[in-house]
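Input: a single structure, listed below in C-alpha cells.
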Amino acid sequence: MRPGGGDRAELLAALLAGSARLRELLGPDPATWVRRAGADRALRERGTPVFGEEGWVLPQTDFLPYVDDASELRLHDDLPPLDDSLPRRA
C-alpha cells in the first residue's frame, strides 16, 4: 500500500466487481486489467466512457466555457476566465 494511494489492486477489483462491461473489456481481475490496458491504447479508449456510463464520474461543468468546435488552437491568454476564478478586487 502506498501512502495516500491505497491498494490499487483492491480498487480495480471493486470496479470490476461493480461493472460487467469493465470485466468484459479488461478481464476478471486487476492483473489482467493492467496487462490488457497497458498493451492496448484502443482498449483504454473504449474503457474510459464506461466510468461515466456507470455513474462513477462527476461532470466538470466549470470547463464548459472552453468547449467549442473551433479547430484553431487557443492560447491560455485567449481563454475567458471561469466565474469566480479571479481574485475579487476590494
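Nothing here was measured: the structure is a model prediction, and the numbers come from that model. The residues of the chain are indexed from 1 along the displayed sequence.
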Shortest non-hydrogen contact between [X] and [Y], atoms and distance:
X	Y	value
Trp56	Gly18	CZ2-O, 4.0 Å
Pro30	Ala13	CG-N, 3.7 Å
Thr32	Gly27	CG2-CA, 3.9 Å
Arg36	Leu25	NH1-O, 3.7 Å

Has Glu54 got more than 12 heavy atoms of other residues, nucleotides or ligands less than 6.0 Å from its CD?
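Result for CD/Glu54: enclosed.
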Measure the [atom1]-[atom2] distance between [X] and [Y] for me, rounded to the nearest 0.5 Å.
X	Y	atom1	atom2	answer
Leu22	Arg46	CG	CZ	12.0 Å
Leu15	Phe51	CG	CZ	5.5 Å
Asp7	Leu12	CG	CG	9.0 Å
Arg35	Asp29	CZ	CG	7.5 Å
Asp40	Glu45	CG	CD	9.0 Å

Using only atom types and a distance under 3.5 Å, with no angle test, would you say the side chain of Arg23 pairs donor to acceptor with the backbone of Pro28?
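A pair under 3.5 Å: no.
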